[in-house]
Amino acid sequence: MKQLFGTFGVRRVANTVLTPEFASEIAAAYGTKVKGTIAVGSDPRTSSEMIKHSVTAGLLSVGCDVVDLGTLPTPALQYGVRKYYDGGIMITASHNPPKYNGLKLLDADGIGTPDDLEEEIEEIYFGKKQQRVTWDKIGKAYKANIIDEYIDEVLKRVDTQAIRDANLKVVVDCGSGAACDTTPYIVRKLGCELTTLNCQPDGAFPGRNPEPTEDNLTDLISVVKATGADIAFAHDGDADRTICIDEKGQFVFGDKSFALVEKAMLEKNNGGKIVTTVATSNAIADIARQNNGEIILTKVGDLVVARKLKDVDGLFGGEENGGLIFPDFVYGRDSGLATAMILEIVAKTGKPLSQLIDELPTYYSEKRKVECADDKKAYVAEKILEETTDYEVDTTDGVKIINDKGWVIIRPSGTEPIYRCFSEAKTPEDAEELVEWGMNLINKYLD
Ligand code: MG
């Protein structure tokens, strides 16, 4: 059982738990296992430079060479690692508030490190088994640039002429995070009329909270309305997630943009394998069915989806939170290509984004949660399974019960003493009924 790592790396308050000493020891443990040349990069948090120097020192001390790729999106680092390096460490706390920071550790494919490797790293860390080298074997550190290549590779994968010809008005809100040197330049190179908001990197995140939720994007929505823009894009702190605002200033939920890009990818490639999680909308499966696609469902988590995409040679995948994965480019949620692909869809169809979203299958969902002690979680799941033998049940992650109205999934949280309950149906009433049913099932066995 892992003690330090969460769903993607380590995330803590900077300089209290995540100190330079801690970062250096973890990096040395990682370097002891991975070896070779390791790329490091960061988001613009106030603590990122400090942590990066510590991570670099830790890696050098176990004989790794270190390439500093500077401030950049997590997917740009993942692109670089997959192509050129043996591993990577991204210093970021993703969408968390400014006082946090973290380490996202990557394998040689640029995918977040798997559980077994993280367990080995923890064993080295807690046992102080880092293999420090003698003075003449200490690694070398140098700087390199990957951002220009990353941007070029994004542009190669879309119809740049079609986007240019559409003369789109675009607003970009990087939240002062890691996309400041990528997304605005991609949009400009695609010939769009660009307005930027929060596109100066700033670790205090003065413009907005780094998480791209509707509540945090009210300024962006006002700017879309005031400028008459066709579309706007917002990212989280490390720019792996992409959220859109349509031309009416409406927030587009991540499952909608996922479905939109899925449809375009399937049409472009005449079908393919789509990977997502058991908690993602049925709209994804509907679109796959209509467009010669095959759907593969995994446990919840972007790393699981990325790894599955690699294993099955998938075409496209993602999650409902605005994380889109293009496995021929980056084995992780990518913001650059997500932005360019959505611009291509709007340009080529000639339709406003709101209309494109309206044309997608519609489902309604409800989300609830309830406290449940960690030692009770397995018992509750077991009892719910016993009680639902008459239904179609999927146990990929928690218990997903499917009936003719829709589905409800009941999942214990991996990090908190809670159960999550999430339903989806064709009508709001059915979604409500299903979530209530799920909550009743959990409550029945709580005490
Ligand atoms: Mg992120």
Side-chain angles (χ1 to χ4, degrees), residues 5-14 18 39-45 47-48 51-52 69 71-81 88-106 110-113 147 150 154 172-183 198-199 201-203 205 207-217 220 233-244 253-255 257-258 276-277 300-307 317-326 329-339 414-415:
F5 293 98
T7 46
F8 196 160
V10 182
R11 214 170 288 175
R12 299 285 190 279
V13 175
L18 184 51
V40 297
S42 69
D43 67 16
R45 285 168 194 269
S47 54
S48 287
I51 307 284
K52 190 164 74 183
L69 298 180
T71 303
L72 79 177
T74 297
L77 183 78
Q78 289 176 286
Y79 167 82
V81 168
I89 300 184
M90 179 72 185
I91 292 120
T92 178
S94 191
H95 62 273
N96 290 118
K99 69 177 179 181
Y100 289 90
N101 214 330
L103 308 175
K104 284 185 172 180
L105 309 182
L106 306 175
I111 309 178
T113 42
I147 282 181
Y150 169 81
V154 166
V172 171
D173 178 354
C174 294
S176 297
C180 293
D181 288 328
T182 52
T183 299
N198 305 314
C199 285
D202 188 330
F205 299 110
R208 66 162 166 91
N209 179 293
E211 184 160 26
T213 58
E214 188 168 3
D215 287 347
N216 291 333
L217 298 178
L220 180 61
F233 296 96
H235 302 302
D236 69 329
D238 67 327
D240 53 357
R241 283 162 59 186
T242 307
I243 286 293
C244 299
F253 284 95
D255 57 347
S257 39
F258 180 10
T276 188
T277 80
V300 171
D302 53 313
L303 265 57
V304 191
V305 175
R307 201 164 292 285
E319 294 174 303
E320 79 292 348
N321 63 3
L324 305 183
I325 307 176
F326 303 89
F329 181 44
V330 171
Y331 284 127
R333 303 184 294 198
D334 178 67
S335 54
L337 188 51
T339 301
T415 50

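Both counts, for ligands and for their atoms, begin at 1 and track the order of listing.
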* Taking the Mg ion (ligand 1) as the vertex, measure the angle between atom OD1 in D240 and atom OD2 in D236; round to 10°. =>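 Seen from the Mg ion (ligand 1), OD1 and OD2 are separated by roughly 90°.
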* To do: Give a yes or no on whether the backbone of T339 and the side-chain of T242 come within a donor-acceptor separation of less than 3.5 Å.
  =>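 No; zero donor-acceptor contacts below 3.5 Å.
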* Would you say the side-chain atoms of R45 pair up with the backbone N or O of P97, donor to acceptor, closer than 3.5 Å? ->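 Pair found, side chain donor or acceptor close to backbone of P97.
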* Asked: Taking the six-membered ring for Trp, are Y79 and F329 parallel (under 30°), tilted (30 to 60°) or perpendicular (over 60°)?
  ->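 Tilted: the ring planes of Y79 and F329 meet at 30° to 60°.
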* Begin from the C-alpha positions of D240 and T74 and carry the test side chain to side chain donor-acceptor pair (under 3.5 Å) through to its verdict. => CA-CA 6 Å; D240 53 357; T74 297; 5.2 Å; no
* Restricting to N, O or S atoms of D238, which is nearest to the Mg ion (ligand 1)? ->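 Closest N, O or S atom of D238 to the Mg ion (ligand 1): OD1.
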* Under 2.8 Å: N/O/S of S94 next to the Mg ion (ligand 1) ->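 Within the cut-off used here (under 2.8 Å), S94 does place an N, O or S atom near the Mg ion (ligand 1).
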